[in-house]
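Beneath this line is the structure, given in structure tokens, with notes to follow.
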There are 2 protein chains.
Amino acid sequence: MYHHGNLRREILEAALAATEESGPANWSLRELSRRAGVSHTAPVHHFGDKTGLLTAIAAEGFALFADELEAVVDDFFEVGVAYIRFAVSHRAYFEVMFRPELYRTEDPEVVAARERARQILLAGSRGLAPTPQQQRAVTLAAWSTAHGFASLWLSGALTESADGDAETVGRQALEAALGHLRRG
Amino acid sequence: MYHHGNLRREILEAALAATEESGPANWSLRELSRRAGVSHTAPVHHFGDKTGLLTAIAAEGFALFADELEAVVDDFFEVGVAYIRFAVSHRAYFEVMFRPELYRTEDPEVVAARERARQILLAGSRGLAPTPQQQRAVTLAAWSTAHGFASLWLSGALTESADGDAETVGRQALEAALGHLRRG
DNA sequence: GAGCAATCTTACCAGTGACAAGATTGGAGG
DNA sequence: CCTCCAATCTTGTCACTGGTAAGATTGCTC
């Protein structure tokens, strides 16, 4: 099928769907091509190689991530909640983004989007501690807690320890770790 | 080479070394076999298939993990530090353990070792909150913070935000998140 | 010292990512 | 209109992979 019209997008979506089902490694470019009804090398023109496809996913993921964090940037605590919400609701993106061996981490689009997200995280916890040293520790703590909860949740490690939806339980964990910072 | 003598161990170590270098997906059984000087199907007898090898790594990893946590079980805060120390010093194990799509999570050895580690984590934060509900939140918070810091550190996400060795910086992050629980 | 069971090998298959060379087609410029 | 170019997709091929089947080797037991 020459001139599919929307192949780049369709392959990308198929990759996301496949990643959602079985992780970012358990699918092949050829499988995605078959699903899209094109030859096994059709994606090459759009992504170069498999790493290129994963790089595109990471770049788009960091951009979406930054967007969602930006929406709540004024509330330090809600940035953490948004972090968790993003991981759960955009699982496939998240699983690629934080697995640097999968894609080209220094791709310009990736770098730009990732840096944008990072700045929002840094801004979110600004002014919560007196010294720069403590400031940095607070940022790290918040980032670690949100990221850790999200990772554990996605890996299924919490199925025995937590009941409820991710956002509710995540809020409780964030509150236990960081609530004292919020209240001053 | 018939009757290598120690093939199971050698393949396992080679897999750990390769995982350390390039992640748990970027090596092949055949490559490990070549390194060990045996035919490409020799590992089959010991592990069944590639998933079996990764399952063995996960089982051994959780057992080592439980051992290291056990050594400091009396101090809630030090359990978190030990968690981070394990992730950094046994990176290959850690990266497999928390990637359930890679191995058979319900393998009896895996289940036993993982459950042992889980109990230590639960015990570590016992008595730090009045109600069971808060108790659970504190456990989740501590686990999330340690796990998140370890994951971010291993993925390289912190290279711009933190200087120093993982344990030192990790302590600071844990202190910022959980220090208030320690001091009562 | 015979035979068994554990361990390893050789041979093969389908599936994969990458590459090279070529086919098709929409659209721009004459 | 129509020519031709660049974007897009296809066919063909390669080395490599994981998995399976069948068979070879060898340490150990009795």
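By convention in this document, chain letters (A, B, ...) are assigned in the order of the sequence lines, proteins followed by strands, and residues within each chain are numbered from 1. Bear in mind the structure is a predicted one, so any value in this text is a computation, not a measurement.
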Check: Going by distance alone, is a donor N or O of one side chain under 3.5 Å from an acceptor N or O of the other, for Thr145(B) and Thr145(A)?
Finding: yes

Note to self: Over all strands shown, is Ser28(A) touching base, sugar-phosphate only, or nothing at heavy-atom distances under 4.0 angstrom?
What the structure shows: sugar-phosphate

Notebook entry, point to check: Starting at CD1 of Ile11(A) and ending at C1' of dC9(D), how long is that distance when rounded to a whole Å?
Noted result: 12 Å

Notebook entry, point to check: Any idea how Phe86(B) and His90(B) line up, ring-wise: parallel (<30°), tilted (30 to 60°), or perpendicular (>60°)?
Noted result: parallel

Item checked: Distance in angstrom units between Asn6(A) CG and dC9(D) P, rounded -> 10 Å

Check: Between Tyr2(A) (OH) and dA6(D) (P), how many Å, whole number?
Finding: 18 Å

Note to self: Students often get this wrong, so: under 4.0 angstrom with heavy atoms, is His40(B) touching a base, only sugar-phosphate, or nothing?
What the structure shows: base

Note to self: Count I, L, V, M, F, W, Y as connected when their side-chain heavy atoms are under 4.5 Å apart, and connections chain through other members. Are Ile11(B) and Val44(B) then in the same cluster?
What the structure shows: no

Next item on the list: Find which nucleotide of DNA chain D each of His3(B) and Leu29(B) is nearest to by heavy atoms, and output the residue with the more 5' nucleotide.
Entry: Leu29(B)

Next item on the list: Send over the distance from Leu102(B) CG to dG18(D) P, rounded to a whole Å.
Entry: 13 Å

Note to self: Is the ring pair Phe94(B)/Phe98(B) parallel, tilted or perpendicular, if the boundaries are 30 and 60 degrees?
What the structure shows: tilted

Note to self: Return the CG to CD1 distance between Leu64(A) and Ile57(A), rounded to the nearest 0.5 Å.
What the structure shows: 11.5 Å

Check: Does any N or O donor sit under 3.5 Å from an N or O acceptor when you compare the side chain of Thr41(B) with the base of dT20(D)?
Finding: no

Next item on the list: Would you mind reading off the distance between Arg30(A) atom CZ and dG18(D) atom C1', rounded to a whole angstrom?
Entry: 16 Å

Next item on the list: State the NZ-CG distance between Lys50(A) and Leu102(A), to the nearest 0.5 angstrom.
Entry: 8.5 Å

Notebook entry, point to check: Could you give the CG-to-C1' distance, from Leu7(B) to dA6(C), as a whole number of Å?
Noted result: 13 Å

Next item on the list: For DNA chain D, find the residues of residues 42-60 of chain A with a heavy-atom distance under 4.0 Å and give them by number; none if there aren't any.
Entry: Ala42(A), His45(A), His46(A)

Next item on the list: Give the rounded distance in Å between these two atoms: CD of Glu10(B) and C1' of dC8(C).
Entry: 14 Å

Check: Please walk me through it: do Tyr83(B) and Phe65(B) pass ring-ring contact (aromatic ring centres under 6.0 Å, His included)?
Finding: CA-CA 8 Å; Tyr83(B) 197 111; Phe65(B) 188 46; 5.0 Å; yes

Check: Heavy atoms under 4.0 Å, any strand shown: does Arg34(B) hit a base, just sugar-phosphate, or nothing?
Finding: sugar-phosphate

